[in-house]
Asks: 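Handing you this structure, nothing more for now.
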Amino acid sequence: MSQVRTSDNSIEPMISLSGVGKWYGAFQALDSINMSVAKGEKIVLCGPSGSGKSTLIRCINHLEAYQKGDIHVGGIRLGHGSKVIDAVRREVGMVFQQFNLFPHLTVLQNCMLAPMRTLGLNKPQAEGRARTLLERVKISEQAEKYPAQLSGGQQQRVAIARALCMRPKAMLFDEPTSALDPEMVKEVLDTMIALAEEGMTMICVTHEMGFARQVADRIVFMASGVIVEEAPPAEFFSNPKHERTRKFLGEVLGRH
Amino acid sequence: MNYTLDFTPVIDGLPNLLWACLGTFTLAISGMLLAIVIGIGGVILRQSRVKLLRWLVIGFVELIRNTPFLVQIFFIYFALPLAGIRLDPTPTAIIALGINGGAYAIEIIRGGVQSISKGQTEAGLALGLHKAQVFRLIILKPALRTIYPSLTSQFILLTLTTSIASAISAYELTSVSQRIESDSFRSFEVYFTVTVFYLVISWVMMRIFAFFSARYFSYPLR
């Protein structure tokens, strides 16, 4: 299944942030963030904890409000009206650290809920789409189970399928493997790699540098709410420009 | 002690007593349904962005939980007619039970809603559902499951509270038994029987709650 859409204007970036600032009270979480993500581009966002990387992607689908600057998603300016926000959320899928599957719904129902309620699909359409995508994340045999009956890795793959059921133009991943046991990280990363290879536009907050090296078009390094440095992986790993980046890479890569 | 048991008045009054059990049951079930509606509605209003609505709910809960049920039911039955609202004993009892149980239900259900992780709401919003859909489709059921034991014990209490409706002569078990007792003076026999009947009614209620639990809240949690 291809995510390529002919109607998109390919000159305009899929996601763009300009001068985005966010405060929690007096604390500034994001400071003048400028970022542009082209269609099909894969961005890995990394940085020490508290650097604002999760906050940044949560602003893109307005789970967090921002006070300054502009965010455009698929040509829509993400203002504060709920109609616009809902429209953007339907275009942008999100995968969370804690999976956040709905415990009272089966895997299949988890995947069918939003397409039926927000896209107006009928039950057979939603089910067909859900089964196709569960197949794609290689978990179709678990469709009738409840989330609690699955392993963490399986739950996260379902969460990816659930987001894909909305046929999003871009996907946001907020530390998708951080809550997983080590032996389950690979299955989730493999799913994400497959998605990347199909051309999905992706922004991933992750500490998985192997994944970043393999998949990312650009790696964006953040610290203290600002973008410190961004570069293609080869350059980022071999020739980091800033001291903070070098320190971070030393810590992250030293762990492996 | 030189008391000879004589259940004849109870046996003669048995059809009446059984019908009265049904009356009690009806009051309890109707009161509960109203209480659930008030409980869920109250929780929604309690989260409203409009401050006035939030305060109205808080005021309502405080008012009801800090005044006696008997006074509440008297207020509806004897005081409201002066304002032109005249209700029969049974509707009065149902409304009083629903309002009283509803006030407690608001607090219980609110606790359940707060226990659901924020991630659930965020996942729903991120999928493009709006707030009301998130509450109805994602939050409500797990929240109700969490507080189901507290809610059921509150509703057993509501079932037993129906006996207070005898004070306005609503058709229920206590008022019917009072009539039989005052005609026959067989206090022991009458109230012994009534006690057993209330036990049975409570037991039936618990079976009903268990049925709903098995039907709706049996999805695995781990």
Side-chain angles (χ1 to χ4, degrees), chain A residues 54 57-58 60-64 81-107 109-120 144-151 155 158-159 162-168 171-174 179, chain B residues 36 39-40 43-45 47-50 53 108-152 209-222:
Chain A
S54 284
I57 66 165
R58 289 162 58 85
I60 294 172
N61 64 354
H62 212 279
L63 285 183
E64 303 276 356
S82 68
K83 276 231 174 73
V84 176
I85 292 169
D86 284 345
V88 166
R89 283 173 177 162
R90 271 175 235 140
E91 304 282 3
V92 180
M94 188 169 211
V95 175
F96 299 86
Q97 185 177 355
Q98 298 294 340
F99 330 135
N100 295 342
L101 295 180
F102 308 130
H104 59 301
L105 302 177
T106 64
V107 164
Q109 291 166 337
N110 262 277
C111 294
M112 291 166 60
L113 181 71
M116 287 174 68
R117 299 288 174 165
T118 68
L119 303 181
E144 322 300 331
K145 287 194 180 169
Y146 286 91
Q149 294 169 305
L150 306 184
S151 72
Q155 288 192 51
V158 172
R162 179 176 71 177
L164 292 176
C165 279
M166 295 294 289
R167 299 245 170 100
M171 287 281 287
L172 309 172
F173 292 85
D174 189 2
Chain B
I36 289 177
I40 293 174
V43 168
I44 293 169
L45 295 181
Q47 300 172 329
S48 162
R49 250 173 290 173
V50 183
L53 288 177
I108 294 172
I109 295 171
R110 196 167 71 91
V113 168
Q114 284 172 342
S115 79
I116 304 301
S117 92
K118 259 189 84 185
Q120 292 286 308
T121 303
E122 291 181 349
L125 293 176
L127 286 165
L129 298 167
H130 40 80
K131 265 187 160 176
Q133 289 176 315
V134 169
F135 181 80
R136 188 162 51 87
L137 302 168
I138 296 171
I139 306 296
L140 192 56
K141 193 169 175 178
L144 288 178
R145 176 175 177 159
T146 308
I147 48 86
Y148 198 68
S150 328
L151 199 62
T152 53
F209 295 145
F211 169 80
F212 280 112
S213 176
R215 178 88 175 69
Y216 294 106
F217 300 131
S218 61
Y219 58 87
L221 286 181
R222 62 181 68 236

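Convention: sequence-line order gives letters A, B, ...; per-chain numbering from 1. Any value given below was found using the heavy atoms of this structure, including those in side chains, with hydrogens, waters and symmetry copies removed.
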Asks: What part of A:Leu150 lies closer than 4.5 angstrom to a heavy atom of chain B: side chain, backbone, both or neither?
Replies: neither
Asks: Are the side chain of A:Gln149 and the backbone of B:Leu221 linked by a donor-acceptor contact shorter than 3.5 Å?
Replies: no
Asks: Kindly indicate, with the supporting measurements, whether the criterion side chain to side chain contact (heavy atoms under 4.5 Å, CB included) is fulfilled by A:Arg117 and B:Arg136.
Replies: CA-CA 12 Å; A:Arg117 299 288 174 165; B:Arg136 188 162 51 87; 4.0 Å; yes
Asks: Verify, without hydrogens or angle tests, whether A:His104 (side chain) and B:Tyr216 (backbone) share a donor-acceptor contact under 3.5 angstrom.
Replies: no
Asks: Considering only heavy atoms from C-beta outward, does the side chain of B:Pro220 approach that of A:Lys145 to under 4.5 Å?
Replies: no
Asks: Rounded to the nearest 0.5 Å, how far does OG1 of A:Thr106 lie from OH of B:Tyr219?
Replies: 13.0 Å
Asks: Check whether A:Arg162 gets within reach of chain B through its side chain, its backbone, both or neither, counting any heavy atom under 4.5 Å.
Replies: both
Asks: Are the side chains of A:Thr118 and B:Leu127 in touch, meaning some heavy atoms are under 4.5 Å apart?
Replies: no
Asks: Working to the nearest 0.5 angstrom, can you tell me the gap between B:Leu125 CG and A:Asn61 CG?
Replies: 9.0 Å
Asks: For residues B:Gln120 and A:Pro103, report the shortest heavy-atom separation together with the two atoms involved.
Replies: OE1-CD, 3.4 Å
Asks: Heavy-atom cut-off 4.5 Å, strictly under: side chain, backbone, both or neither for B:Gln133 against chain A?
Replies: side chain
Asks: Chain B heavy atoms under 4.5 Å from A:Val92: which part of the residue, side chain, backbone, both or neither?
Replies: backbone
Asks: Which atoms of A:Phe96 come close to chain B, meaning under 4.5 Å heavy atom to heavy atom: side chain ones, backbone ones, both, or neither?
Replies: side chain
Asks: Given 3.5 Å as the limit, does a donor-acceptor pair link the side chain of A:Asn100 with the main chain of B:Gly119, or not?
Replies: yes
